Asker: 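A single structure is presented below for examination.
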Amino acid sequence: MNIGQAARASGMTAKMIRHYEQIGLLAAPPRTEAGYRLYSAADVHTLRFIRHARDLGFPLAQIGELVGLWRDRERPSRQVKALAQAHIDALEAKARELLAMKASLEHLVHCCHGDDRPDCPILDTLAAPEAVR
């Protein structure tokens, strides 16, 4: 199938498929004499795998590792589990950061009168020489 068909079948754009080829997540497919890429069902399966991993928020470097582990039928599952657990840990840290930002912003919004006066603690805090915490 051509790149458009592979894109539709995998739920990706042609641009993303070319990007994944460029960075080595997907092997470069054979080409026709006219230079068009030809994708197999196995390529589409790999693209779907990559899309699902992206949907779970895995960074590209870890997706590369996951693809390698997926292809290696001799690998122990503990390697996959460790990679997934590391991603969970990173997501939890990010969630804590987001909740802290939300709490800070909620406090600032609560302190702002939101009326016709120009005084605004939100802008004052953002303009402060010390970082917002």
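None of these values were measured; they are calculated from a predicted model.
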Asker: Quick one: closest heavy-atom pair of A7 and A14, and the distance?
Answerer: CB-N, 3.8 Å
Asker: Which is it for T46 and D43 under the side-chain hydrogen bond (donor to acceptor under 3.5 Å, both in side chains) test, yes or no, and what are the steps along the way?
Answerer: CA-CA 5 Å; T46 300; D43 293 327; 5.6 Å; no
Asker: Please step through side chain to side chain contact (heavy atoms under 4.5 Å, CB included) for the pair L99 and R96, ending with a clear verdict.
Answerer: CA-CA 5 Å; L99 288 173; R96 284 190 300 275; 5.8 Å; no
Asker: Please enumerate all residues that pass salt bridge (Lys or Arg N to Asp or Glu O under 4.0 Å) together with D115, with sequence neighbours excluded.
Answerer: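 With neighbours one apart ignored, the set is R117.
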Asker: In Å and rounded to the nearest 0.5 Å, what is the CG to OG1 distance from L108 to T125?
Answerer: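 It comes to 4.5 Å.
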Asker: So, the side chain of R31 versus the backbone of L38: is there a donor-acceptor pair under 3.5 Å, distance only?
Answerer: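 Side chain of R31 to backbone of L38: no pair is present.
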Asker: Which residues satisfy the salt bridge (Lys or Arg N to Asp or Glu O under 4.0 Å) test with R18, sequence neighbours excluded?
Answerer: none
Asker: Find the distance between CD1 (I17) and CG (L26) and round it off to the nearest 0.5 Å.
Answerer: 8.0 Å
Asker: Taking atom OG of S10 and atom CE of M1, what is their separation to the nearest 0.5 Å?
Answerer: 9.0 Å
Asker: Is any side-chain heavy atom of D89 less than 4.5 Å from a side-chain heavy atom of Q85?
Answerer: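 In short, these two side chains touch, coming nearer than 4.5 Å.
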Asker: Report yes or no: does D72 contribute a side-chain atom to a donor-acceptor pair with the main-chain N or O of L69 at less than 3.5 Å?
Answerer: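 It does not hold such a pair.
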Asker: L60: which residues meet the side chain to side chain contact (heavy atoms under 4.5 Å, CB included) condition with it, sequence neighbours left out?
Answerer: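 Result, side chain to side chain contact (heavy atoms under 4.5 Å, CB included) vs L60: H19, Y20, I23, L25, R54, I63.
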Asker: Let me check something: do W70 and Y39 share a hydrophobic cluster, defined by ILVMFWY side-chain heavy atoms less than 4.5 Å apart, either directly or through other members?
Answerer: yes
Asker: Is it the case that atom NE2 in H45 sees more than 12 heavy atoms from other parts of the structure closer than 6.0 Å?
Answerer: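 Not buried by this count: 12 neighbours or fewer within 6.0 Å.
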Asker: So, the side chain of R8 versus the backbone of I3: is there a donor-acceptor pair under 3.5 Å, distance only?
Answerer: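 Such a contact is absent between R8 side chain and I3 backbone.
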Asker: Quick one: does any side-chain atom of H87 pair with a main-chain N or O of P59 as donor and acceptor, under 3.5 Å?
Answerer: no
Asker: Working note: R48 + M12, criterion side chain to side chain contact (heavy atoms under 4.5 Å, CB included); need CA distance, chi angles, decisive distance, verdict.
Answerer: CA-CA 8 Å; R48 286 184 186 140; M12 292 186 177; over 6 Å; no
Asker: When hydrophobic residues are tied together by side-chain contacts of less than 4.5 Å, even through go-betweens, does V109 share a cluster with L126?
Answerer: yes
Asker: Supply the atom-to-atom distance M16 CE to Q22 CD, rounded to the nearest 0.5 angstrom.
Answerer: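 One finds 11.0 Å between CE of M16 and CD of Q22.
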Asker: Measuring from I88:CD1 to L56:CG, what's the distance to the nearest 0.5 Å?
Answerer: 10.0 Å
Asker: Any chance you could measure C111, atom SG, to D119, atom CG, to the nearest 0.5 Å?
Answerer: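 C111 SG to D119 CG: 13.0 Å, rounded to 0.5 Å.
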Asker: Mind running side chain to side chain contact (heavy atoms under 4.5 Å, CB included) on R37 and N2 for me, showing each step along the way?
Answerer: CA-CA 6 Å; R37 294 170 169 91; N2 65 32; over 6 Å; no
